[in-house]
Amino acid sequence: MLFARNPFFLFAILNIFSLFRPDFRGLECARVFSNQGISCSYQLLSAMTFAIKECSLVLVSVEGIFSNGAVLGNVGTSMICLVAKMYNVPIMVCCESFKFIDRVQIDAFVYNELGDSDEVSRLPDGRFGPLYKWKDIDALRILNLKYDITPPELIDVIVTESGMIPCTSIPVILRLQTSIERFD
Amino acid sequence: MCAESNTIVPSCLENISDGLQDLIQKLKYKDRFKSSQVVALDTLKLVRELVGKKTKWESTKDLLDKLRTLGRVLLEAQPSETHTANVIRRILKLMKEEYQTIQKGTKPDEMETFSLHSLSQPEVVEEYKMGIPAGIIINQIQDLIDEINDSTANIAQQAFEHIHAGEIIMTLGYSKTVLAFLMKASKKRHFQVMVAECAPTYQGQEMAAKLAEANIETTLMTDSAIFAMMSRVNKVIIGTHTVLADGGLKALNGAHTLAMAAKFHSVPVIVCAALHKLSPDYPCYYNHDSFNKCVSPMDIMSEGQHARMNGVQVYNPVFDYVPPDLVQLYINQKEGIAPFYVYRYLTELYHQEDYLL
(Lines give C-alpha, C1' and ligand atoms only; values in the text may rest on other atoms or scores of the structure.)
Protein backbone atom coordinates (compact mmCIF):
# COMPACT_ATOMS: atom_id res chain seq x y z
CA MET A 1 0.00 0.00 0.00
CA LEU A 2 1.81 3.06 -1.16
CA PHE A 3 1.22 6.72 -0.68
CA ALA A 4 3.16 8.78 -3.18
CA ARG A 5 3.69 12.32 -2.04
CA ASN A 6 5.44 13.58 -5.13
CA PRO A 7 4.34 11.66 -8.16
CA PHE A 8 7.43 12.49 -10.24
CA PHE A 9 9.21 9.47 -11.43
CA LEU A 10 12.52 10.01 -9.73
CA PHE A 11 11.77 11.63 -6.42
CA ALA A 12 8.79 9.85 -5.07
CA ILE A 13 8.34 10.23 -1.36
CA LEU A 14 6.19 7.47 -0.08
CA ASN A 15 4.15 7.17 3.02
CA ILE A 16 3.65 3.51 3.61
CA PHE A 17 0.88 2.23 5.79
CA SER A 18 1.12 -1.10 7.39
CA LEU A 19 -2.31 -2.52 6.93
CA PHE A 20 -2.03 -6.10 7.59
CA ARG A 21 -1.70 -6.82 11.19
CA PRO A 22 -0.89 -9.60 11.92
CA ASP A 23 1.59 -9.92 9.05
CA PHE A 24 2.56 -6.22 8.61
CA ARG A 25 3.25 -6.40 4.91
CA GLY A 26 3.89 -2.66 4.83
CA LEU A 27 7.22 -3.34 6.50
CA GLU A 28 8.42 -5.36 3.53
CA CYS A 29 7.18 -2.61 1.23
CA ALA A 30 9.12 0.03 3.17
CA ARG A 31 12.25 -2.12 3.03
CA VAL A 32 12.10 -2.60 -0.74
CA PHE A 33 11.40 1.05 -1.54
CA SER A 34 13.88 2.52 0.91
CA ASN A 35 16.63 0.29 -0.44
CA GLN A 36 15.82 1.57 -3.93
CA GLY A 37 16.76 5.02 -2.66
CA ILE A 38 13.21 6.32 -2.41
CA SER A 39 12.65 8.20 0.82
CA CYS A 40 9.81 6.64 2.74
CA SER A 41 7.89 7.20 5.90
CA TYR A 42 6.08 4.42 7.68
CA GLN A 43 3.15 4.43 10.05
CA LEU A 44 0.30 2.23 11.12
CA LEU A 45 -3.13 2.49 9.59
CA SER A 46 -4.50 4.20 12.70
CA ALA A 47 -2.06 7.08 12.18
CA MET A 48 -3.35 7.62 8.68
CA THR A 49 -5.04 10.97 9.25
CA PHE A 50 -1.68 12.16 10.59
CA ALA A 51 0.03 11.53 7.26
CA ILE A 52 -2.66 11.84 4.61
CA LYS A 53 -2.38 15.64 4.59
CA GLU A 54 1.03 15.30 2.99
CA CYS A 55 -0.04 12.88 0.29
CA SER A 56 -0.97 13.87 -3.24
CA LEU A 57 -1.87 10.46 -4.58
CA VAL A 58 -2.97 7.16 -3.16
CA LEU A 59 -1.88 4.02 -4.98
CA VAL A 60 -3.52 0.76 -4.03
CA SER A 61 -3.07 -2.75 -5.32
CA VAL A 62 -6.03 -5.07 -4.95
CA GLU A 63 -7.03 -8.70 -5.16
CA GLY A 64 -9.90 -8.30 -7.56
CA ILE A 65 -12.67 -6.08 -8.85
CA PHE A 66 -16.28 -7.23 -9.10
CA SER A 67 -18.41 -6.36 -12.08
CA ASN A 68 -20.43 -3.87 -10.00
CA GLY A 69 -17.22 -1.91 -9.48
CA ALA A 70 -16.67 -2.97 -5.86
CA VAL A 71 -13.03 -3.60 -5.12
CA LEU A 72 -11.90 -6.68 -3.22
CA GLY A 73 -8.74 -5.75 -1.36
CA ASN A 74 -6.75 -6.76 1.65
CA VAL A 75 -8.57 -5.76 4.78
CA GLY A 76 -8.01 -2.05 5.44
CA THR A 77 -7.97 -1.00 1.78
CA SER A 78 -11.45 0.46 2.18
CA MET A 79 -10.32 2.56 5.15
CA ILE A 80 -7.42 4.02 3.21
CA CYS A 81 -9.70 4.87 0.30
CA LEU A 82 -12.29 6.40 2.62
CA VAL A 83 -9.80 8.67 4.40
CA ALA A 84 -8.20 9.67 1.10
CA LYS A 85 -11.62 10.49 -0.34
CA MET A 86 -12.49 12.62 2.69
CA TYR A 87 -9.23 14.56 2.26
CA ASN A 88 -9.72 14.87 -1.51
CA VAL A 89 -6.65 12.85 -2.42
CA PRO A 90 -7.07 10.96 -5.71
CA ILE A 91 -7.17 7.18 -5.36
CA MET A 92 -5.62 5.05 -8.05
CA VAL A 93 -6.10 1.28 -8.08
CA CYS A 94 -3.54 -0.81 -9.94
CA CYS A 95 -5.11 -4.03 -11.16
CA GLU A 96 -4.52 -6.35 -14.11
CA SER A 97 -7.64 -7.21 -16.06
CA PHE A 98 -7.43 -10.93 -15.22
CA LYS A 99 -8.42 -9.90 -11.70
CA PHE A 100 -11.81 -8.65 -12.88
CA ILE A 101 -14.46 -10.93 -11.46
CA ASP A 102 -17.67 -11.79 -13.25
CA ARG A 103 -19.71 -11.66 -10.05
CA VAL A 104 -21.18 -8.93 -7.89
CA GLN A 105 -20.68 -8.37 -4.19
CA ILE A 106 -21.70 -5.42 -2.08
CA ASP A 107 -20.50 -6.28 1.42
CA ALA A 108 -17.54 -7.99 3.01
CA PHE A 109 -19.55 -10.73 4.71
CA VAL A 110 -20.94 -13.05 2.03
CA TYR A 111 -17.60 -14.28 0.70
CA ASN A 112 -14.53 -13.69 2.77
CA GLU A 113 -11.69 -15.49 4.42
CA LEU A 114 -10.93 -15.76 8.11
CA GLY A 115 -7.40 -16.02 9.39
CA ASP A 116 -6.11 -17.68 12.53
CA SER A 117 -7.48 -15.97 15.66
CA ASP A 118 -4.22 -16.50 17.50
CA GLU A 119 -2.52 -14.16 15.04
CA VAL A 120 -4.63 -11.36 16.52
CA SER A 121 -4.63 -12.43 20.16
CA ARG A 122 -0.82 -12.36 20.23
CA LEU A 123 1.11 -9.09 20.19
CA PRO A 124 3.48 -8.55 17.23
CA ASP A 125 6.49 -9.86 19.13
CA GLY A 126 4.72 -13.18 19.61
CA ARG A 127 3.93 -12.70 23.28
CA PHE A 128 0.42 -12.83 24.64
CA GLY A 129 -1.01 -9.59 25.98
CA PRO A 130 -4.15 -9.42 28.13
CA LEU A 131 -5.68 -12.21 26.03
CA TYR A 132 -3.42 -15.06 27.15
CA LYS A 133 -6.44 -17.13 28.21
CA TRP A 134 -9.00 -15.88 25.72
CA LYS A 135 -10.11 -19.37 24.78
CA ASP A 136 -11.45 -19.84 28.33
CA ILE A 137 -13.74 -16.82 28.06
CA ASP A 138 -16.94 -17.97 26.39
CA ALA A 139 -18.25 -14.55 25.46
CA LEU A 140 -15.09 -13.52 23.60
CA ARG A 141 -14.54 -14.09 19.91
CA ILE A 142 -11.69 -12.89 17.75
CA LEU A 143 -12.17 -11.81 14.18
CA ASN A 144 -9.25 -11.96 11.79
CA LEU A 145 -10.77 -10.83 8.51
CA LYS A 146 -8.58 -11.16 5.41
CA TYR A 147 -10.38 -9.13 2.73
CA ASP A 148 -12.80 -6.25 2.53
CA ILE A 149 -14.91 -4.56 -0.11
CA THR A 150 -14.32 -0.97 -1.12
CA PRO A 151 -17.46 0.61 -2.61
CA PRO A 152 -16.98 1.97 -6.17
CA GLU A 153 -17.72 5.57 -5.15
CA LEU A 154 -14.46 5.68 -3.20
CA ILE A 155 -12.30 4.76 -6.22
CA ASP A 156 -11.29 7.43 -8.72
CA VAL A 157 -9.52 5.43 -11.39
CA ILE A 158 -8.39 1.88 -12.14
CA VAL A 159 -5.11 1.38 -13.99
CA THR A 160 -5.13 -1.76 -16.13
CA GLU A 161 -3.01 -2.95 -19.04
CA SER A 162 -5.68 -1.61 -21.41
CA GLY A 163 -5.55 1.90 -19.96
CA MET A 164 -7.05 3.91 -17.16
CA ILE A 165 -10.74 3.24 -16.64
CA PRO A 166 -13.38 4.16 -14.10
CA CYS A 167 -15.02 1.50 -11.92
CA THR A 168 -18.14 1.60 -14.04
CA SER A 169 -16.25 0.22 -17.05
CA ILE A 170 -15.43 -3.13 -15.47
CA PRO A 171 -18.48 -4.91 -16.97
CA VAL A 172 -17.58 -3.47 -20.40
CA ILE A 173 -14.11 -5.00 -20.26
CA LEU A 174 -15.54 -8.27 -18.97
CA ARG A 175 -18.01 -8.39 -21.85
CA LEU A 176 -15.30 -7.65 -24.39
CA GLN A 177 -13.14 -10.41 -22.93
CA THR A 178 -15.93 -12.98 -23.15
CA SER A 179 -16.88 -11.96 -26.69
CA ILE A 180 -13.25 -12.35 -27.79
CA GLU A 181 -13.19 -15.81 -26.22
CA ARG A 182 -16.37 -16.69 -28.10
CA PHE A 183 -14.84 -15.69 -31.46
CA ASP A 184 -11.75 -17.76 -30.79
CA MET B 1 16.40 18.77 48.57
CA CYS B 2 15.43 18.75 44.95
CA ALA B 3 17.10 16.33 42.62
CA GLU B 4 18.82 17.66 39.52
CA SER B 5 16.13 16.61 37.10
CA ASN B 6 13.49 18.49 39.06
CA THR B 7 11.76 21.52 37.65
CA ILE B 8 12.41 24.88 39.26
CA VAL B 9 9.36 25.76 41.31
CA PRO B 10 8.21 29.41 41.20
CA SER B 11 8.73 31.12 44.55
CA CYS B 12 5.03 31.59 45.20
CA LEU B 13 4.49 27.83 45.12
CA GLU B 14 7.37 26.91 47.39
CA ASN B 15 5.16 25.84 50.25
CA ILE B 16 3.79 22.95 48.21
CA SER B 17 7.02 22.21 46.38
CA ASP B 18 7.21 18.52 47.37
CA GLY B 19 3.75 17.66 46.16
CA LEU B 20 4.24 19.71 43.02
CA GLN B 21 7.52 18.00 42.12
CA ASP B 22 5.81 14.66 42.59
CA LEU B 23 2.96 15.55 40.27
CA ILE B 24 5.29 17.01 37.64
CA GLN B 25 7.34 13.82 37.63
CA LYS B 26 4.18 11.76 37.25
CA LEU B 27 2.97 13.95 34.39
CA LYS B 28 6.26 13.83 32.57
CA TYR B 29 7.02 10.17 32.83
CA LYS B 30 3.64 8.64 33.37
CA ASP B 31 2.47 5.63 31.56
CA ARG B 32 0.11 6.74 28.85
CA PHE B 33 -2.72 4.44 29.88
CA LYS B 34 -3.15 6.06 33.26
CA SER B 35 -6.57 7.57 33.52
CA SER B 36 -7.24 11.27 33.24
CA GLN B 37 -9.40 11.04 36.33
CA VAL B 38 -6.32 10.33 38.45
CA VAL B 39 -4.53 13.30 36.93
CA ALA B 40 -7.46 15.59 37.71
CA LEU B 41 -7.80 14.28 41.26
CA ASP B 42 -4.06 14.60 41.97
CA THR B 43 -4.16 18.20 40.76
CA LEU B 44 -7.14 18.99 42.95
CA LYS B 45 -5.43 17.51 45.99
CA LEU B 46 -2.47 19.77 45.32
CA VAL B 47 -4.78 22.76 44.97
CA ARG B 48 -6.38 21.82 48.28
CA GLU B 49 -2.96 21.75 49.90
CA LEU B 50 -2.14 25.15 48.44
CA VAL B 51 -5.39 26.70 49.65
CA GLY B 52 -5.06 25.06 53.06
CA LYS B 53 -1.68 26.73 53.54
CA LYS B 54 -2.95 30.19 52.70
CA THR B 55 -2.46 32.86 55.35
CA LYS B 56 -5.51 34.48 56.88
CA TRP B 57 -4.89 37.92 55.40
CA GLU B 58 -3.92 36.89 51.92
CA SER B 59 -6.03 38.65 49.30
CA THR B 60 -8.10 36.65 46.85
CA LYS B 61 -6.09 38.09 44.00
CA ASP B 62 -2.86 36.60 45.36
CA LEU B 63 -4.48 33.22 45.69
CA LEU B 64 -5.95 33.39 42.18
CA ASP B 65 -2.51 34.29 40.82
CA LYS B 66 -0.91 31.40 42.69
CA LEU B 67 -3.44 28.99 41.24
CA ARG B 68 -2.84 30.36 37.76
CA THR B 69 0.91 29.91 38.17
CA LEU B 70 0.31 26.36 39.35
CA GLY B 71 -1.79 25.70 36.25
CA ARG B 72 0.92 27.12 34.00
CA VAL B 73 3.65 25.05 35.65
CA LEU B 74 1.62 21.85 35.27
CA LEU B 75 0.74 22.60 31.65
CA GLU B 76 4.38 23.26 30.88
CA ALA B 77 5.34 19.92 32.40
CA GLN B 78 2.98 18.08 30.05
CA PRO B 79 1.26 20.27 27.42
CA SER B 80 -0.93 17.45 26.12
CA GLU B 81 -2.38 16.75 29.58
CA THR B 82 -4.93 19.56 29.80
CA HIS B 83 -6.93 18.04 32.67
CA THR B 84 -4.61 19.67 35.17
CA ALA B 85 -5.37 23.14 33.85
CA ASN B 86 -9.07 22.35 33.38
CA VAL B 87 -9.72 21.58 37.05
CA ILE B 88 -7.71 24.63 38.10
CA ARG B 89 -9.82 26.78 35.79
CA ARG B 90 -12.94 25.41 37.42
CA ILE B 91 -11.64 26.21 40.89
CA LEU B 92 -10.77 29.73 39.72
CA LYS B 93 -14.31 30.23 38.46
CA LEU B 94 -15.82 28.88 41.68
CA MET B 95 -13.62 31.15 43.76
CA LYS B 96 -14.60 34.18 41.73
CA GLU B 97 -18.27 33.36 42.17
CA GLU B 98 -17.77 32.89 45.91
CA TYR B 99 -16.02 36.24 46.08
CA GLN B 100 -18.87 37.98 44.30
CA THR B 101 -21.39 36.36 46.61
CA ILE B 102 -19.53 37.43 49.71
CA GLN B 103 -18.88 40.94 48.50
CA LYS B 104 -22.22 41.83 47.03
CA GLY B 105 -24.44 39.46 48.90
CA THR B 106 -26.05 38.42 45.63
CA LYS B 107 -26.37 35.03 44.13
CA PRO B 108 -23.99 34.40 41.23
CA ASP B 109 -26.88 33.45 38.92
CA GLU B 110 -28.37 36.90 39.16
CA MET B 111 -25.27 38.78 38.16
CA GLU B 112 -24.29 36.29 35.51
CA THR B 113 -27.25 37.19 33.33
CA PHE B 114 -25.61 38.10 30.13
CA SER B 115 -27.43 40.04 27.47
CA LEU B 116 -26.74 42.22 24.49
CA HIS B 117 -27.38 45.16 26.78
CA SER B 118 -24.57 44.17 29.10
CA LEU B 119 -22.23 43.96 26.12
CA SER B 120 -22.57 47.68 25.54
CA GLN B 121 -21.85 48.50 29.17
CA PRO B 122 -18.24 49.25 30.11
CA GLU B 123 -16.72 46.16 31.68
CA VAL B 124 -16.05 46.38 35.40
CA VAL B 125 -12.66 44.92 36.22
CA GLU B 126 -12.80 43.10 39.50
CA GLU B 127 -9.71 43.51 41.65
CA TYR B 128 -10.35 40.77 44.21
CA LYS B 129 -8.75 42.75 47.04
CA MET B 130 -10.55 41.07 49.92
CA GLY B 131 -9.88 37.59 51.16
CA ILE B 132 -12.18 34.55 51.19
CA PRO B 133 -12.15 32.11 54.13
CA ALA B 134 -10.13 29.04 53.13
CA GLY B 135 -12.87 26.75 54.45
CA ILE B 136 -15.30 27.83 51.76
CA ILE B 137 -12.82 27.19 48.97
CA ILE B 138 -11.82 23.84 50.41
CA ASN B 139 -15.48 22.82 50.50
CA GLN B 140 -15.79 23.73 46.83
CA ILE B 141 -12.68 21.71 46.02
CA GLN B 142 -14.07 18.77 47.95
CA ASP B 143 -17.32 18.99 45.98
CA LEU B 144 -15.38 18.96 42.74
CA ILE B 145 -13.33 15.96 43.89
CA ASP B 146 -16.56 14.12 44.70
CA GLU B 147 -18.02 15.06 41.32
CA ILE B 148 -14.99 13.69 39.50
CA ASN B 149 -14.98 10.54 41.62
CA ASP B 150 -18.62 9.87 40.79
CA SER B 151 -18.41 10.93 37.15
CA THR B 152 -17.89 7.44 35.73
CA ALA B 153 -20.85 6.04 37.64
CA ASN B 154 -23.05 9.00 36.72
CA ILE B 155 -22.22 8.64 33.04
CA ALA B 156 -22.95 4.91 33.22
CA GLN B 157 -26.37 5.70 34.71
CA GLN B 158 -27.46 7.07 31.34
CA ALA B 159 -26.59 3.86 29.48
CA PHE B 160 -30.18 2.63 29.29
CA GLU B 161 -31.21 5.70 27.33
CA HIS B 162 -28.78 4.91 24.57
CA ILE B 163 -28.36 1.16 24.28
CA HIS B 164 -31.20 -1.08 23.14
CA ALA B 165 -31.53 -4.81 23.20
CA GLY B 166 -29.98 -6.65 20.28
CA GLU B 167 -27.76 -3.81 19.15
CA ILE B 168 -24.23 -4.13 17.89
CA ILE B 169 -21.92 -1.52 19.35
CA MET B 170 -18.42 -0.69 18.21
CA THR B 171 -15.73 0.81 20.38
CA LEU B 172 -12.03 1.49 20.13
CA GLY B 173 -9.19 1.07 22.59
CA TYR B 174 -9.58 1.04 26.34
CA SER B 175 -11.69 3.56 28.21
CA LYS B 176 -12.78 3.17 31.81
CA THR B 177 -15.86 5.30 31.21
CA VAL B 178 -17.02 3.31 28.19
CA LEU B 179 -16.36 0.06 30.03
CA ALA B 180 -18.56 1.18 32.94
CA PHE B 181 -21.20 2.43 30.48
CA LEU B 182 -21.42 -0.88 28.64
CA MET B 183 -21.29 -2.95 31.84
CA LYS B 184 -24.19 -0.97 33.26
CA ALA B 185 -26.26 -1.46 30.10
CA SER B 186 -25.56 -5.20 30.12
CA LYS B 187 -27.30 -5.50 33.50
CA LYS B 188 -30.67 -5.16 31.77
CA ARG B 189 -30.08 -5.59 28.05
CA HIS B 190 -28.42 -8.08 25.83
CA PHE B 191 -26.22 -6.65 23.08
CA GLN B 192 -22.98 -7.30 21.24
CA VAL B 193 -19.79 -5.27 21.33
CA MET B 194 -17.07 -5.08 18.71
CA VAL B 195 -13.72 -3.78 19.88
CA ALA B 196 -11.00 -2.49 17.58
CA GLU B 197 -7.71 -3.44 19.16
CA CYS B 198 -6.02 -0.09 18.53
CA ALA B 199 -2.47 -0.89 17.45
CA PRO B 200 0.26 -0.21 18.52
CA THR B 201 -0.92 0.04 22.14
CA TYR B 202 -3.36 -2.88 21.82
CA GLN B 203 -5.53 -1.38 24.53
CA GLY B 204 -8.54 -2.88 22.79
CA GLN B 205 -7.39 -6.34 23.84
CA GLU B 206 -7.68 -5.39 27.48
CA MET B 207 -11.08 -3.81 26.84
CA ALA B 208 -12.32 -6.93 25.04
CA ALA B 209 -11.07 -9.20 27.82
CA LYS B 210 -12.82 -7.14 30.51
CA LEU B 211 -16.09 -6.89 28.57
CA ALA B 212 -16.14 -10.60 27.85
CA GLU B 213 -15.40 -11.44 31.47
CA ALA B 214 -18.48 -9.40 32.39
CA ASN B 215 -20.41 -11.76 30.10
CA ILE B 216 -21.02 -9.32 27.28
CA GLU B 217 -20.77 -10.91 23.85
CA THR B 218 -17.56 -9.38 22.54
CA THR B 219 -15.70 -9.59 19.25
CA LEU B 220 -12.14 -8.34 19.03
CA MET B 221 -10.94 -7.27 15.59
CA THR B 222 -8.00 -5.59 13.95
CA ASP B 223 -8.13 -1.85 13.23
CA SER B 224 -8.19 -2.51 9.51
CA ALA B 225 -11.52 -4.35 9.73
CA ILE B 226 -13.39 -1.32 11.11
CA PHE B 227 -14.80 -0.23 7.75
CA ALA B 228 -15.83 -3.74 6.75
CA MET B 229 -17.70 -4.35 10.01
CA MET B 230 -19.21 -0.89 10.30
CA SER B 231 -22.15 -1.73 8.03
CA ARG B 232 -23.43 -4.09 10.74
CA VAL B 233 -22.95 -1.72 13.65
CA ASN B 234 -25.80 0.29 15.22
CA LYS B 235 -23.77 2.67 17.35
CA VAL B 236 -20.21 3.69 17.96
CA ILE B 237 -19.41 4.51 21.57
CA ILE B 238 -15.93 5.78 22.36
CA GLY B 239 -14.07 7.54 25.13
CA THR B 240 -11.80 10.49 24.57
CA HIS B 241 -8.79 12.22 26.03
CA THR B 242 -10.14 15.77 25.73
CA VAL B 243 -13.19 17.53 24.35
CA LEU B 244 -12.01 20.68 22.59
CA ALA B 245 -13.72 24.06 22.56
CA ASP B 246 -15.01 23.69 19.00
CA GLY B 247 -16.80 20.49 19.97
CA GLY B 248 -14.12 18.32 18.38
CA LEU B 249 -12.21 15.56 20.10
CA LYS B 250 -8.64 14.89 20.95
CA ALA B 251 -8.98 11.15 21.12
CA LEU B 252 -6.92 8.04 20.78
CA ASN B 253 -5.13 7.58 17.49
CA GLY B 254 -7.48 5.88 15.04
CA ALA B 255 -10.62 7.56 16.35
CA HIS B 256 -10.82 9.88 13.35
CA THR B 257 -10.77 7.01 10.88
CA LEU B 258 -13.37 5.20 12.96
CA ALA B 259 -15.61 8.28 13.04
CA MET B 260 -15.27 8.75 9.28
CA ALA B 261 -16.24 5.13 8.65
CA ALA B 262 -19.25 5.64 10.94
CA LYS B 263 -20.25 8.76 9.02
CA PHE B 264 -19.97 6.88 5.72
CA HIS B 265 -22.37 4.24 7.01
CA SER B 266 -24.57 6.80 8.86
CA VAL B 267 -23.85 5.23 12.23
CA PRO B 268 -24.13 7.62 15.21
CA VAL B 269 -20.97 8.28 17.22
CA ILE B 270 -21.46 8.74 20.96
CA VAL B 271 -18.63 10.01 23.14
CA CYS B 272 -18.51 9.40 26.88
CA ALA B 273 -16.50 12.16 28.52
CA ALA B 274 -16.64 13.56 32.03
CA LEU B 275 -16.72 17.33 32.40
CA HIS B 276 -13.10 17.64 33.55
CA LYS B 277 -12.12 16.59 30.02
CA LEU B 278 -13.67 19.71 28.56
CA SER B 279 -10.91 22.08 27.54
CA PRO B 280 -11.20 25.70 26.33
CA ASP B 281 -8.42 25.10 23.78
CA TYR B 282 -9.03 25.14 20.06
CA PRO B 283 -7.14 22.72 17.84
CA CYS B 284 -4.39 24.56 15.98
CA TYR B 285 -2.18 22.13 14.13
CA TYR B 286 -2.76 18.43 14.17
CA ASN B 287 0.96 17.82 14.67
CA HIS B 288 1.63 20.69 17.01
CA ASP B 289 3.26 19.88 20.35
CA SER B 290 0.36 21.19 22.38
CA PHE B 291 -2.03 18.96 20.49
CA ASN B 292 -0.31 15.77 19.54
CA LYS B 293 2.73 13.91 20.67
CA CYS B 294 4.75 11.34 18.82
CA VAL B 295 6.11 8.61 21.04
CA SER B 296 8.84 6.05 20.47
CA PRO B 297 8.33 4.15 17.22
CA MET B 298 9.77 1.00 18.81
CA ASP B 299 6.21 -0.30 19.18
CA ILE B 300 5.62 -0.36 15.45
CA MET B 301 9.06 -1.12 14.09
CA SER B 302 11.82 -2.85 15.99
CA GLU B 303 15.44 -1.77 15.77
CA GLY B 304 16.30 -4.89 13.82
CA GLN B 305 13.60 -4.23 11.25
CA HIS B 306 14.68 -0.62 10.90
CA ALA B 307 18.29 -1.63 10.36
CA ARG B 308 17.31 -3.49 7.19
CA MET B 309 15.82 -0.32 5.74
CA ASN B 310 17.44 2.75 4.33
CA GLY B 311 16.51 5.78 6.42
CA VAL B 312 12.77 5.23 6.73
CA GLN B 313 10.91 7.81 8.84
CA VAL B 314 8.66 6.08 11.34
CA TYR B 315 5.87 7.97 13.06
CA ASN B 316 3.91 6.89 16.09
CA PRO B 317 1.47 9.65 17.06
CA VAL B 318 -0.71 9.22 20.16
CA PHE B 319 -3.74 11.41 19.46
CA ASP B 320 -6.15 12.09 16.66
CA TYR B 321 -8.33 15.13 16.12
CA VAL B 322 -11.95 14.25 15.40
CA PRO B 323 -13.90 17.21 13.97
CA PRO B 324 -17.26 18.01 15.61
CA ASP B 325 -19.34 17.14 12.54
CA LEU B 326 -18.44 13.47 12.97
CA VAL B 327 -19.75 13.28 16.55
CA GLN B 328 -23.45 13.05 17.38
CA LEU B 329 -23.47 13.20 21.14
CA TYR B 330 -21.35 13.82 24.20
CA ILE B 331 -22.43 12.18 27.40
CA ASN B 332 -21.14 13.87 30.53
CA GLN B 333 -22.13 13.18 34.12
CA LYS B 334 -25.17 15.45 33.88
CA GLU B 335 -26.71 14.90 30.45
CA GLY B 336 -26.08 14.21 26.81
CA ILE B 337 -25.22 17.24 24.70
CA ALA B 338 -24.65 17.90 21.01
CA PRO B 339 -21.19 19.13 19.95
CA PHE B 340 -22.55 22.56 19.05
CA TYR B 341 -23.63 23.08 22.67
CA VAL B 342 -20.15 22.58 24.10
CA TYR B 343 -19.53 26.35 24.12
CA ARG B 344 -22.32 26.78 26.67
CA TYR B 345 -20.64 24.40 29.08
CA LEU B 346 -17.39 26.28 28.62
CA THR B 347 -18.91 29.57 29.76
CA GLU B 348 -20.67 27.79 32.60
CA LEU B 349 -17.60 26.03 33.94
CA TYR B 350 -14.75 28.42 33.23
CA HIS B 351 -14.33 32.16 33.59
CA GLN B 352 -13.39 33.79 30.31
CA GLU B 353 -10.31 35.40 31.85
CA ASP B 354 -8.91 31.98 32.68
CA TYR B 355 -9.02 30.44 29.21
CA LEU B 356 -5.37 31.44 29.01
CA LEU B 357 -3.79 30.72 32.36
Exam field: side chain [X] to backbone [Y], donor-acceptor pair closer than 3.5 Å:
X	Y	answer
Gln205(B)	Val120(A)	yes
Ser46(A)	Ala199(B)	yes
Asn310(B)	Asn35(A)	no

Taking all non-hydrogen atoms of both residues into account, name the closest pair between [X] and [Y] and its distance.
X	Y	value
Ala225(B)	Val75(A)	CA-CG2, 3.7 Å
Phe109(A)	Ala228(B)	CZ-O, 3.3 Å
Ile300(B)	Tyr42(A)	O-CE2, 4.0 Å
Ala212(B)	Ile137(A)	CB-CG2, 3.5 Å

Chain B neighbours within residues 85-99 of chain A, where any heavy atom lies under 4.5 Å away: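 Residues Met86(A), Tyr87(A) are the ones that qualify, each having a heavy atom under 4.5 Å from chain B.
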
Chi angles and distances behind the side-chain contact (heavy atoms from CB on, under 4.5 Å) call for Val314(B), Gln43(A): CA-CA 6 Å; Val314(B) 186; Gln43(A) 49 271 109; over 6 Å; no

Distance, nearest 0.5 Å, that separates [atom1] of [X] from [atom2] of [Y]:
X	Y	atom1	atom2	answer
Thr201(B)	Leu44(A)	OG1	CG	10.0 Å
Ser224(B)	Asp148(A)	OG	CG	8.0 Å
Ser34(A)	Gln313(B)	OG	CD	11.5 Å

So, do [X] and [Y] sit near enough that their side-chain heavy atoms are less than 4.5 Å apart?
X	Y	answer
Glu206(B)	Leu131(A)	no
Leu45(A)	Thr257(B)	no
Leu220(B)	Arg141(A)	no
Met309(B)	Phe33(A)	no
Leu154(A)	Phe264(B)	yes

Heavy-atom contact with chain B under 4.5 Å, split by part of Ala108(A): side chain

Segment of Ile142(A) engaging chain B (4.5 angstrom heavy-atom cut-off): both

Pair listing, salt bridge (charged side-chain N to carboxylate O under 4.0 Å, His left out) test, anchored in residues 167-189 of chain B, at least two apart: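 Sorted pair list: Glu167(B)-Lys235(B).
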
Pick from Glu217(B), Lys210(B), Gln192(B) with the largest number of heavy-atom pairs that fall under 4.5 Å of chain A: Glu217(B)

Options Met260(B), Met221(B), His306(B), ranked by heavy-atom pairs under 4.5 Å with chain A, top entry: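 Counting heavy-atom pairs under 4.5 Å, the top option is Met260(B).
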
Atom group of [X] that falls short of 4.5 Å from chain A, counting heavy atoms:
X	answer
Cys198(B)	neither
Asn253(B)	both
Gln305(B)	side chain
Met194(B)	neither
Ser231(B)	side chain
Ile216(B)	backbone

Look at atom [atom1] of [X] and say whether more than 12 heavy atoms of other residues, nucleotides or ligands are closer to it than 6.0 Å.
X	atom1	answer
Ile106(A)	CD1	no
Tyr132(A)	OH	no
Tyr111(A)	OH	no
Glu303(B)	CD	no

Trace of the side chain to side chain donor-acceptor pair (under 3.5 Å) decision for Asp320(B) with Thr49(A): CA-CA 8 Å; Asp320(B) 227 351; Thr49(A) 46; 2.7 Å; yes

Stepwise side-chain contact (heavy atoms from CB on, under 4.5 Å) check, Met229(B) with Leu145(A): CA-CA 10 Å; Met229(B) 301 313 287; Leu145(A) 214 57; 4.1 Å; yes

